[in-house]
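Note: hydrogens, waters and symmetry copies are ignored here, and every other heavy atom, side chains too, is used. Bear in mind that the values here come from a model prediction, so they are computed numbers and not experimental data.
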Amino acid sequence: PMSPNVTPDEIIDALGGTSEVARLCEIQPPSVSGWRKLGIPKAQLNFLRLARPAVFVKLGWLSRLLVVVRLIQSRMPGALGDRRLRATNL
């Protein structure tokens, strides 16, 4: 299962962005844009996991690392810099 630390934005961006995800799912880009706010529907998320498994493996590892980084930041503010960290920019 995907970590709750990975946002729809991070998943969509890791898959190549709104237009690429729309192409993969054979839908219009505005629908994918809506997923960024509302979440990716379960059926489409499962399809994307099957279509691009390597992306989800990478996101899984990065999300676990992100948990550790956020823990360090919470205990030592400023220790790792002030930039907001996301799974896709680690």
Side-chain angles (χ1 to χ4, degrees):
M2 182 56 55
S3 167
N5 294 306
V6 179
T7 67
D9 280 333
E10 291 167 330
I11 293 169
I12 293 166
D13 292 343
L15 288 163
T18 301
S19 293
E20 177 60 14
V21 172
R23 186 191 68 74
L24 284 168
C25 294
E26 299 181 357
I27 60 174
Q28 295 298 310
S31 297
V32 176
S33 293
W35 298 352
R36 290 179 181 273
K37 295 176 187 168
L38 303 173
I40 302 171
K42 186 176 181 179
Q44 281 79 8
L45 184 59
N46 288 335
F47 168 77
L48 293 166
R49 281 187 178 129
L50 290 172
R52 296 288 189 270
V55 171
F56 287 88
V57 169
K58 177 183 172 189
L59 283 172
W61 280 104
L62 290 176
S63 70
R64 287 189 281 282
L65 177 60
L66 188 59
V67 169
V68 173
V69 168
R70 286 183 177 151
L71 179 63
I72 291 168
Q73 286 179 320
S74 72
R75 294 188 179 179
M76 299 168 49
L80 301 174
D82 294 329
R83 193 170 103 187
R84 182 176 177 269
L85 293 176
R86 296 171 44 155
T88 52
N89 66 17
L90 287 177

*If every non-hydrogen atom of P29 is compared with every non-hydrogen atom of T18, which pair is closest and at what distance?*
O-CG2, 3.4 Å
*May I ask you to decide if T7's main-chain N or O and E10's side chain share a donor-acceptor pair within less than 3.5 Å?*
yes
*Is any side-chain heavy atom of L48 closer than 4.5 Å to a side-chain heavy atom of F56?*
yes
*Please name the pair of heavy atoms, one in L24 and one in F47, separated by the smallest distance, quoted to 0.1 Å.*
O-CE2, 3.4 Å
*Cationic N near anionic O, under 4.0 Å, K37 to D9*: no
*asked:* With a 4.5 Å cut-off on side-chain heavy atoms, are C25 and V32 touching?
replied: no
*Sole residue of V21, N46, L45 in side-chain contact (heavy atoms from CB on, under 4.5 Å) with I40*: L45
_Applying side-chain contact (heavy atoms from CB on, under 4.5 Å), can you list everything that pairs with P41, at least two apart in sequence or on another chain?_
W35, Q44
_Pairing residues for V55 by the side-chain contact (heavy atoms from CB on, under 4.5 Å) criterion, not counting sequence neighbours_ = A14, L15, R52, L59
